[in-house]
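Quick notes on the structure that follows.
Positions are given from 1, in the same order as the sequence printed here.
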Amino acid sequence: MAKIEQFEDIEAWQDSRVLVSTIYGITRSSGFSKDFGLRDQIQRAEVSVMSNIAEGFERGSNKEFIQFLYIAKGSVGEVRSQLYASLDLGYIDKRVFNTASGQALSLSRKIASFIKYLNQSHFKGAKR
């Protein structure tokens, strides 16, 4: 794993940034124009992923960082669920769903791998 000196170096944060752009692009479509609740929630959930990775990194210990990564992973799950709702309501088609859902699933797996790495490292308590 490459040395991480700032949260922008974290691959999961980088991927989350890409997914934010994807989600905002999707929610600009006409289907979302009147569904303020779903549009705002899916946008907030994905921005939360990015934010929790960054905030956790800036905390004092890897233990806290891991907790924030779990929160971020939960938010990715929320995004994936909301993508299903978007598909079912006809706001997005299957192609768009598959692309965004695939990005979200990949991000979730990347966060899980990072959590596993941090849990197995001898730096569990102290910030590296």
Side-chain angles (χ1 to χ4, degrees):
M1 186 166 285
K3 184 170 178 161
I4 297 171
E5 296 182 10
Q6 55 193 26
F7 70 79
E8 293 92 342
D9 297 331
I10 300 169
E11 286 183 37
W13 182 87
Q14 295 166 6
D15 290 356
S16 181
R17 186 176 173 198
V18 171
L19 189 53
V20 164
S21 294
T22 299
I23 294 301
Y24 270 77
I26 289 169
T27 57
R28 284 189 189 107
S29 71
S30 60
F32 278 96
S33 65
K34 294 181 182 171
D35 194 335
F36 303 113
L38 181 58
R39 182 196 65 205
D40 292 348
Q41 187 61 31
I42 196 170
Q43 288 174 346
R44 281 194 309 271
E46 183 47 39
V47 170
S48 175
V49 176
M50 224 172 110
S51 299
N52 276 294
I53 294 169
E55 184 176 352
F57 179 81
E58 296 293 336
R59 293 290 178 136
S61 72
N62 278 351
K63 184 177 180 181
E64 288 179 294
F65 186 22
I66 290 166
Q67 182 59 37
F68 276 84
L69 288 172
Y70 276 117
I71 294 167
K73 189 173 182 316
S75 293
V76 176
E78 185 179 352
V79 169
R80 289 178 55 221
S81 181
Q82 292 160 353
L83 285 167
Y84 278 101
S86 302
L87 176 66
D88 294 345
L89 293 168
Y91 297 163
I92 59 175
D93 61 27
K94 190 70 172 170
R95 182 190 59 78
V96 171
F97 170 83
N98 287 339
T99 299
S101 183
Q103 286 178 306
L105 186 57
S106 174
L107 176 57
S108 182
R109 289 177 176 155
K110 195 167 282 188
I111 293 170
S113 293
F114 195 28
I115 291 168
K116 183 177 179 181
Y117 167 79
L118 290 172
N119 273 323
Q120 292 175 346
S121 80
H122 61 282
F123 295 106
K124 276 190 270 191
K127 189 76 169 175
R128 297 196 262 174

Tell me if a side-chain donor or acceptor on [X] pairs with a main-chain N or O of [Y] at a distance below 3.5 Å.
| X | Y | value |
| --- | --- | --- |
| S51 | V47 | yes |
| T22 | V18 | yes |
| E64 | G60 | yes |
| S101 | N98 | no |

Transitively linked via ILVMFWY side-chain contacts under 4.5 Å: [X] with [Y]?
| X | Y | answer |
| --- | --- | --- |
| I26 | F36 | no |
| I71 | I66 | no |
| L105 | I115 | no |

Answer yes or no: is there a side-chain heavy-atom contact under 4.5 Å between L118 and L69?
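Yes, at least one pair of side-chain atoms sits under 4.5 Å.
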Sub-4.5 Å side-chain heavy-atom contact between T27 and Y91:
no
Heavy-atom pair with the smallest gap, counting every atom of [X] and [Y]:
| X | Y | value |
| --- | --- | --- |
| E8 | Q14 | O-NE2, 2.9 Å |
| I23 | V79 | CD1-CG1, 3.9 Å |
| F32 | I92 | CE1-CG2, 4.2 Å |
| S86 | L38 | OG-CD2, 3.7 Å |
| I42 | Q82 | CA-OE1, 2.9 Å |
| S75 | V49 | CB-CG2, 3.5 Å |

Atom CZ of R109: over 12 foreign heavy atoms under 6.0 Å
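It does not: R109 CZ has 12 such atoms or fewer within range.
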Going by the side-chain hydrogen bond (donor to acceptor under 3.5 Å, both in side chains) test, name the single residue among R44, Q43, R39 that passes it with Q41.
R44
Taking the six-membered ring for Trp, is the centroid-to-centroid distance between F68 and F57 below 6.0 Å?
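No, the ring centres sit 6.0 Å or more apart.
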Proximity of F114 and F65 rings by center, below 6.0 Å
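Under 6.0 Å, so yes.
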For the [atom1] atom of [X] and the [atom2] atom of [Y], what is their distance to the nearest 0.5 Å?
| X | Y | atom1 | atom2 | result |
| --- | --- | --- | --- | --- |
| T99 | D93 | OG1 | CG | 8.5 Å |
| Y24 | R28 | OH | CZ | 8.5 Å |
| L19 | Q103 | CG | CD | 5.0 Å |
| E11 | S106 | CD | OG | 10.0 Å |
| D15 | I111 | CG | CD1 | 9.0 Å |
| E55 | M50 | CD | CE | 13.0 Å |

Under the side-chain contact (heavy atoms from CB on, under 4.5 Å) criterion, do D35 and L89 qualify, and how do the steps go?
CA-CA 10 Å; D35 194 335; L89 293 168; 4.2 Å; yes
For a side-chain contact (heavy atoms from CB on, under 4.5 Å) with S16, tell me which candidate from L107, V76, I10 qualifies.
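That would be L107; it is the only one of L107, V76, I10 passing the side-chain contact (heavy atoms from CB on, under 4.5 Å) with S16.
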For N52 and Y70, run side-chain contact (heavy atoms from CB on, under 4.5 Å): C-alpha distance rounded to whole Å, both residues' side-chain angles, the deciding distance at 0.1 Å, then the answer.
CA-CA 9 Å; N52 276 294; Y70 276 117; over 6 Å; no
